[in-house]
Amino acid sequence: MKKAEIKLQVELDDKNVPEQILWSSSDGESSDELPAKAMFLALWDSQYKNSMRIDLWTKDMPYDEMKRFFYETMQTLGDSFLRASGGDPMAEKVIADLRDYCAHYADKMEILEQQN
């Protein structure tokens, strides 16, 4: 069985606010520690049937980038759910609704204009 290790290192200030987030993967193209400005980590606890989450962002994460991070995360959650659903037509309809919401969010937060 193949194993991979993902490491996260978070440097905190004296008030426990993240100043730097570094991550690395033993299975990536490089084993170098790479910087990140924000992260969402979600794990499923099957015993208690709930999510365990860690949401962190550094104090120098720009608001415009945070808006884009949320948008892209919602989009990729939809992609992941479709892959997990195995072609369930109801999942496809619900994710279509999520895509509509993502478009609404992007419009209200003026995200798509920032790409150009």
Side-chain angles (χ1 to χ4, degrees):
M1 176 187 293
K2 183 178 177 180
K3 291 185 179 184
E5 182 176 59
I6 299 170
K7 291 183 182 180
L8 295 167
Q9 183 176 327
V10 180
E11 293 181 19
L12 305 171
D13 68 9
D14 59 341
K15 295 179 182 166
N16 289 330
V17 175
E19 288 191 338
Q20 185 175 33
I21 300 170
L22 299 170
W23 73 280
S24 63
S25 170
S26 64
D27 201 29
E29 290 181 21
S30 168
S31 60
D32 294 343
E33 289 184 332
L34 301 170
K37 294 283 183 190
M39 64 172 263
F40 296 141
L41 175 64
L43 303 167
W44 180 250
D45 183 331
S46 62
Q47 179 181 357
Y48 293 105
K49 307 288 187 247
N50 65 2
S51 313
M52 299 175 292
R53 297 183 3 253
I54 299 173
D55 306 334
L56 296 175
W57 54 93
T58 60
K59 56 173 106 179
D60 64 340
M61 172 75 167
Y63 179 59
D64 286 344
E65 289 182 24
M66 182 61 88
K67 293 187 300 185
R68 179 67 186 239
F69 182 47
F70 270 77
Y71 170 76
E72 290 189 11
T73 299
M74 288 186 287
Q75 291 279 33
T76 57
L77 283 171
D79 297 341
S80 296
F81 190 76
L82 285 177
R83 282 194 312 275
S85 73
D88 177 9
M90 182 57 71
E92 291 181 21
K93 290 178 186 176
V94 170
I95 296 307
D97 290 342
L98 176 62
R99 301 269 188 246
D100 289 344
Y101 174 74
C102 287
H104 172 77
Y105 172 87
D107 180 52
K108 293 293 183 188
M109 296 302 248
E110 300 176 343
I111 291 171
L112 298 181
E113 291 82 20
Q114 294 174 12
Q115 290 184 65
N116 303 328

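The structure presented is a predicted model; accordingly, all values stated were derived computationally and were not measured. For the numbers below, each heavy atom of this structure counts, side chains included, while hydrogens, waters and symmetry mates do not.
Residues Met61 and Leu12 do not share a hydrophobic cluster, defined by chaining ILVMFWY side chains whose heavy atoms lie under 4.5 Å apart. Cluster annotation: Phe81 is not connected to Met90 through the hydrophobic network of ILVMFWY side chains, with a link wherever side-chain heavy atoms come within less than 4.5 Å. Hydrophobic clustering (ILVMFWY, side-chain heavy atoms < 4.5 Å, transitive): Met66 and Met74 are in one cluster. The hydrophobic clustering, which links ILVMFWY residues whose side-chain heavy atoms are closer than 4.5 Å, places Trp23 and Phe40 apart.
Residues satisfying the side chain to side chain donor-acceptor pair (under 3.5 Å) test with Asp55, not counting sequence neighbours, are Arg53. Residues passing the side chain to side chain donor-acceptor pair (under 3.5 Å) test with Asp88: none are found, sequence neighbours excluded.
By the 4.5 Å heavy-atom criterion applied to side chains, Trp57 and Pro18 are not counted as neighbours.
The backbone N or O of Ser46 lies less than 3.5 Å from a partner atom in the side chain of Lys49, making a donor-acceptor pair. Formation of a donor-acceptor pair under 3.5 Å by the Thr58 side chain with backbone atoms of Gln20 is not found in this model.
Once rounded to the nearest 0.5 Å, the distance linking CD of Glu72 with CG of Asp79 reads 11.0 Å. Rounded to the nearest 0.5 angstrom, Thr73 OG1 and Arg68 CZ are separated by 11.0 Å.
For Lys7, the NZ atom is loosely surrounded, since the number of other residues' heavy atoms within 6.0 Å does not exceed 12. Within a 6.0 Å radius of CG in Leu41, more than 12 heavy atoms belonging to other residues, nucleotides or ligands are found.
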(message) If you apply the rule side-chain contact (heavy atoms from CB on, under 4.5 Å), what do you find for Phe70 with Met109, and how did you get there?
(response) CA-CA 11 Å; Phe70 270 77; Met109 296 302 248; over 6 Å; no

(message) Could you go through Ile21 and Lys37, starting from their C-alpha distance and side-chain angles, then the distance that decides it, and tell me whether this counts as side-chain contact (heavy atoms from CB on, under 4.5 Å)?
(response) CA-CA 6 Å; Ile21 300 170; Lys37 294 283 183 190; over 6 Å; no

